[in-house]
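To start, the structure under review is shown below, and the notes come after it.
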Amino acid sequence: MVEQSNKSAHMEAMTLSVNPTGSPTSASAPTSDTAEKLEGNELDKPAQPSTQTKKYLHRISLHPTLTPYRRRVYRVLLSVPSGRWTTYSAMATFLGSSARAVGNAMRTNPFAPEVPCHRVLAANGTLGGYKGEWKVGGHKAGGGFCEEKRLRLEEEGVLFVDGKVSGTCFKEFVDLGKKIWTVLLIPDTSLVLKFLKLPSPRAQDMLAAIFQAAGA
């Protein structure tokens, strides 16, 4: 009986542990480190685009006059969240182009303000341009669009001090269009492989259309 009691006590010691407060906890329960790791993994998962964002991605993909470069610029621009701001040069670095090219795409943005070109500022933290108007040295040519740009940003929570934006430049860009096409149109990569193995010109044309629409 004593031996059996000792075995039972040993088994109980293996299945239970005592925390600093003295209360027993299961040894199989996740530790605080494990919980933090799990929580971190959840946070690392990329946020899925909203229904509204998907709507504008669809409009961008269907616009009849946009170049592939402009489509990509506007898809990336949609990843800049409300309350944040970025610069022409930061976007240019991500896109592998120039600040001037980004500025031209902003100037001709047909989807403003929903595709938020007002969140893109000059590298020195000033407003830069908006709707074809550029503010330089206190001079403003045009109809006051730069003031509209500043007001839109302030409504979203962006602060300005002595004419320059406050805070940190947003650089965590994502080409949301490619993410949408990958998830929605090609959820199983085996489908792509099946198409690639088919000699049919029809299959090749279908693949080409998919990747062209996705901006690949």
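Numbers here simply count residues along the sequence, with the first being 1.
Using a 4.0 Å cut-off between a side-chain N of Lys or Arg and a carboxylate O of Asp or Glu, E156 and R119 qualify as a salt bridge.
Qualifying salt bridge (Lys or Arg N to Asp or Glu O under 4.0 Å) partners for E154, counting only residues two or more places apart in sequence or in other chains: R150.
Side-chain contact between Y69 and V102 is present, with at least one heavy-atom pair separated by less than 4.5 Å. Counting heavy atoms from C-beta outward, K55 and H58 have side chains that stay 4.5 Å or more apart.
Scanning all heavy atoms of the two residues, the minimum distance from M106 to C117 falls at SD-CB, 3.5 Å. Smallest separation of non-hydrogen atoms from L77 and V115: CD2-CG1, 3.7 Å. Here the closest heavy-atom approach between residue F94 and residue D175 is recorded as CZ-N, 4.4 Å. S79 and V76 get closest at one heavy-atom pair: OG-O, 2.6 Å. Listed here is the closest heavy atom pair of R75 and L57: CG-CD2, 3.8 Å. The shortest non-hydrogen separation linking R70 to T108 is NH2-O, 2.7 Å.
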Inset, instruction - For V165 and L153, run side chain to side chain contact (heavy atoms under 4.5 Å, CB included): C-alpha distance rounded to whole Å, both residues' side-chain angles, the deciding distance at 0.1 Å, then the answer. - result: CA-CA 10 Å; V165 70; L153 288 167; over 6 Å; no
Inset, instruction - Go through the steps to decide whether L95 and F173 satisfy the test side chain to side chain contact (heavy atoms under 4.5 Å, CB included), and finish with yes or no. - result: CA-CA 9 Å; L95 294 164; F173 303 108; over 6 Å; no
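One distance of note links OG1 of T53 with CD1 of I60; it measures 9.5 Å at 0.5 Å rounding. Between atom CG of residue L78 and atom CD of residue E114 there is a gap of 10.0 Å, rounded to the nearest 0.5 Å. Taken to the nearest 0.5 Å, the OG atom of S50 stands 9.0 Å off from the CG atom of L176. Atom CD of E155 is separated from atom NE2 of H118 by 8.5 Å, given to the nearest 0.5 angstrom. Separation of atoms CG (L66) and CG (N109) is listed at 9.0 Å; rounding is to 0.5 Å. How far CG of L121 is from OG of S89: 10.5 Å, rounded to the nearest 0.5 Å.
A donor-acceptor contact shorter than 3.5 Å links the side chain of W85 to the backbone of S166.
Aromatic rings from F111 and H63 are positioned such that their centres are separated by under 6.0 Å.
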